[in-house]
J.: 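One structure, pasted below without further comment.
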Amino acid sequence: MNDMARVERRVGTKNAKITARDVQVHYGDTHAIKDVNVEIGDKTVTAFIGPSGCGKSTFLRCLNRMNDTIDACRVRGDILLDGEDIYDKRVDPVQLRAKVGMVFQKPNPFPKSIYDNVAYGPRIHGLARNKPELDEIVEKSLRRAAIWNEVKDRLDAPGTGLSGGQQQRLCIARAVATEPEVLLMDEPCSALDPIATAQVEELIDELRQRYSVVIVTHSMQQAARVSQKTAFFHLGNLVEFGETGQIFTNPQDPRTESYITGRIG
Amino acid sequence: MSDISQNGAPKRTGSLLSKDARTAKRNRAESRFKLYGILAIAVGLLMLVTLVYNIVSRGTGAFTQTFVTLEVTLSEDKLDKKGNRNLDEIKKVSTFGYAPLIKDAIGKEVEKLGIQTDLPAKKQAAILSKSAAAQLRDYVIANPDKIGDTVEFRFLTNSRVDGYMKDRVSRDSIANDKSISPAQLDFVDQLVAEGVIVKSFNLDFIFGADASDQRPEAAGIGVSMIGSLFMMLVVLVLALPIGVAASIYLEEFAPKNWITDVIEVNISNLAAVPSIVYGILGLAVFINYMHLPMSAPLVGGLVLTLMTLPTIIISTRASLKAVPPSIRDAALGVGASKMQSVFHHVLPLAAPGILTGTIIGLAQALGETAPLLLIGMVGFIASNAPDSVAGGLLSPNSAMPAQIYEWAKRADPAFYERAWGGIIILLIFLVTMNTVAVILRRRFERRW
């Protein structure tokens with residue numbers, strides 16, 4: 001465990017966007033997340049890897065309080081976004097989620113037009129004063145999600161009519177339309193084919209210019225390809241957190257090593 | 001592993017081309033089961049065909065009626081002796097005073113056509129409905145300037161003549177009947193031959209009001225149809241918003257604890273409570289305690305609202321549940337509040353299901369009779385719309401199924417025919433509503 005402490009110190013940067021301290025999550029009687037400490041840097045891609053049920057998705061959903069919708073879920077510890085505790089009583093989760101956007105495992109566009117999908121967030125947050133401004137936000141978001149050229153001629157077509165990869169990029173466009181500071185992605189490519197996956201991965205790399213991206217993935221190759229930092233979760237513990245290169249080439253913890261070499265998980 | 005293959009079941013060695021005993025047995029069981037299914041469906045279809053055949057064959061008679069066309073001279077010395085066209089004085093002439101006019105008219109018709117009959121004039125006029133004089137009086141009061149003219153009228157015949165025309169009444173069956181004699185039937189035959197008596201479509205059955213025991217030929221279902229319509233309006237206006245609001249709260253907002261569990265179980269129980277229980281509840285609460293008027297569609301609507309609410313809540317909750325949680329996540333993920341996610345995304349997706357449930361609930365309420373009997377919604381409304389329903393939700397009325405029940409209860413077989421006719425109209429409404437529900441569901445249902 002001394003080794004782990006050393007690793008953490010090394011990645012602890014001054015420009016941490018999200019800092020988690022001693023986070024515990026309980027689902028009823030189940031202790032799903034145990035003592036997780038992590039610092040997620042600004043404008044970096046952080047990957048959470050680990051076997052199924054290790055708590056990486058649960059932890060991700062703590063970062064924008066999506067777990068609030070689950071009655072049995074209790075979160076303890078501190079999660080700071082820019083130094084502010086997001087679990088403070090005064091924080092409205094709705095405001096938080098506008099700052100911390102989320103992309104889900106299964107592409108879930110609203111059964112509305114492509115335009116309305118992207119415009120929905122800006123509309124409810126009042127980001128556009130008039131139609132031209134809204135049009136501009138929609139175009140900008142679709143461009144950032146690298147899908148503008150494919151859909152610019154059919155913005156009125158239903159979002160659910162797109163292919164899986166396009167749908168997922170549409171969801172990314174929808175998430176960036178509210179100008180979030182952090183983008184959480186919960187296995188965004190698990191329902192996509194390799195080509196769509198490649199497109200989304202490329203997109204994630206571009207998104208890093210503006211946002212701090214946290215991605216949960218089952219694919220270690222994907223983590224290695226897209227992320228700068230990697231956190232390995234196992235049975236609710238954060239086993240190891242560090243530079244992606246370091247984790248994959250020189251893991252400090254035997255469990256990490258077993259996992260990335262394919263012996264467990 | 002090795003000892004299973006040595007000591008276990010014998011290895012199958014038979015050819016794939018021949019069935020072994022087990023497979024044959026399994027296949028036989030399967031075809032037997034299919035046969036049972038087909039038999040069950042056949043029995044069901046047979047019942048349906050019998051039902052529809054019965055309803056149609058017995059009920060269609062109610063839509064036609066036997067009419068006599070007569071030219072009546074509205075003589076001034078009978079109706080307006082002073083000749084001043086004072087409406088109040090004209091109104092003093094009762095229907096009794098109009099009877100001679102009809103008698104004269106029929107006598108003139110007989111003379112004109114040269115019909116040979118020994119039937120006295122009074123008996124001749126008796127083939128007409130008792131409503132004929134009233135029809136004449138209503139006309140004169142509405143058009144006093146026509147007094148002195150000769151006007152052509154289409155009168156209903158009485159129910160025995162109508163039954164004779166529809167083969168319900170025969171010379172044998174009226175052997176002990178005081179209201180009609182074989183001689184009168186002969187007279188009817190003569191008039192039919194001359195084309196004075198005809199059977200034709202009777203719009204008044206669909207739009208008219210109920211009539212007294214003596215005049216089944218004049219009874220219609222129209223006013224009780226309006227009563228049903230008023231009740232449906234009350235149910236729609238109350239049950240839909242209350243039911244949808246309750247379902248949304250229970251499904252989306254309420255914490256899942258034992259209180260909501262109890263509520264949920266009780267809503268399901270309420271859906272299974274016999275409707276007459278709601279009737280006596282309505283009698284006790286709305287009429288005895290709140291003193292709302294008896295027989296009013298408002299009270300009927302309130303009772304049916306109570307009855308329909310569980311149906312609407314259950315179907316609404318089911319359609320809310322059917323909206324995939326990923327849509328809620330998506331809305332919450334872009335920073336929508338709980339309420340925004342429900343009203344912008346979940347509710348529109350659940351709307352077709354909610355509408356379907358509501359229409360089915362309404363159809364159920366439309367066909368409900370038992371609770372209406374308890375709150376007196378079997379009012380006898382003899383005057384036609386719009387006068388009889390001018391009080392809207394508060395004027396006493398009946399409802400279609402209650403009206404049908406009333407008719408079926410009366411002694412004259414002519415009412416029996418009308419009861420079946422009423423069933424046809426009721427069924428048309430129900431089938432239409434259910435079809436609309438199915439179309440709505442087909443059309444707007446989304447698949448993910």
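Residue numbering restarts at 1 for every chain, and letters A, B, ... go by the order of the sequence lines. This is a predicted model, so every value here is computed, not measured.
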J.: Do the non-hydrogen side-chain atoms of A/Pro111 and B/Ile327 ever get within less than 4.5 Å of each other?
T.: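 With C-beta onward as the side chain, the pair touches.
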J.: What's the shortest heavy-atom distance between B/Ala336 and A/Tyr120, and which atoms?
T.: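 Smallest heavy-atom distance, with atoms named: CB-OH, 3.7 Å.
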J.: Flag yes if more than 12 heavy atoms outside A/Glu136 fall under 6.0 Å of its CD atom; otherwise flag no.
T.: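 Result for CD/A/Glu136: open.
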J.: With B/Asp329 as reference, evaluate A/Lys106, A/Gln105, A/Arg61, A/Met102 under the side chain to side chain contact (heavy atoms under 4.5 Å, CB included) test and give the passing residue.
T.: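 So, applying the side chain to side chain contact (heavy atoms under 4.5 Å, CB included) to B/Asp329 and each of A/Lys106, A/Gln105, A/Arg61, A/Met102, only A/Arg61 qualifies.
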J.: To the nearest 0.5 Å, what is the distance between CZ (B/Arg328) and OG1 (A/Thr69)?
T.: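 Atom-to-atom, B/Arg328:CZ and A/Thr69:OG1 are 10.5 Å apart.
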J.: Do B/Leu332 and A/Arg65 make a side-chain contact, defined as non-hydrogen atoms from C-beta onward lying under 4.5 Å apart?
T.: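 The answer is no, as the side chains (C-beta and beyond) never meet within the 4.5 Å cut-off.
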J.: Does the side chain of B/Val334 come within less than 4.5 Å of A/Arg97's, by heavy atoms?
T.: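 A side-chain contact under 4.5 Å is absent here.
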J.: Which atoms form the tightest heavy-atom contact between B/Ala330 and A/Arg174, and what is the distance?
T.: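 Closest heavy-atom pair between B/Ala330 and A/Arg174: CB-NH2, 3.3 Å.
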J.: Count the heavy atoms of every other residue, nucleotide or ligand shown that sit under 6.0 Å from CD of A/Glu133, and state whether that count exceeds 12.
T.: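 It does: A/Glu133 CD has more than 12 such atoms within range.
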J.: Tell me if the CG atom of B/Leu16 is crowded by more than 12 foreign heavy atoms within 6.0 Å.
T.: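 Not buried by this count: 12 neighbours or fewer within 6.0 Å.
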J.: Just checking B/Ile280: does its CD1 atom have more than 12 heavy atoms from other residues, nucleotides or ligands closer to it than 6.0 angstrom?
T.: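 Atom CD1 in B/Ile280 is not crowded, with 12 or fewer foreign heavy atoms closer than 6.0 Å.
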J.: Would you please indicate yes or no on a ring centroid separation below 6.0 angstrom for B/His344 and A/Phe110?
T.: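 That pair fails the under 6.0 Å test.
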J.: Around atom CZ of B/Phe429, are there more than 12 heavy atoms of other residues, nucleotides or ligands at under 6.0 Å?
T.: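 Counting neighbours around CZ of B/Phe429, 12 or fewer heavy atoms of other residues, nucleotides or ligands fall under 6.0 Å, so no.
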J.: Can you tell me if A/Gln209 has over 12 outside heavy atoms packed within less than 6.0 Å of its CD?
T.: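 More than 12 within 6.0 Å, yes.
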J.: Distance from A/Asp92 atom CG to B/Ser337 atom OG, nearest 0.5 Å?
T.: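 Between atom CG of A/Asp92 and atom OG of B/Ser337 there are 8.5 Å.
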J.: CZ of B/Phe253: more than 12 outside heavy atoms within 6.0 angstrom?
T.: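 Atom CZ in B/Phe253 is packed in, count exceeds 12.
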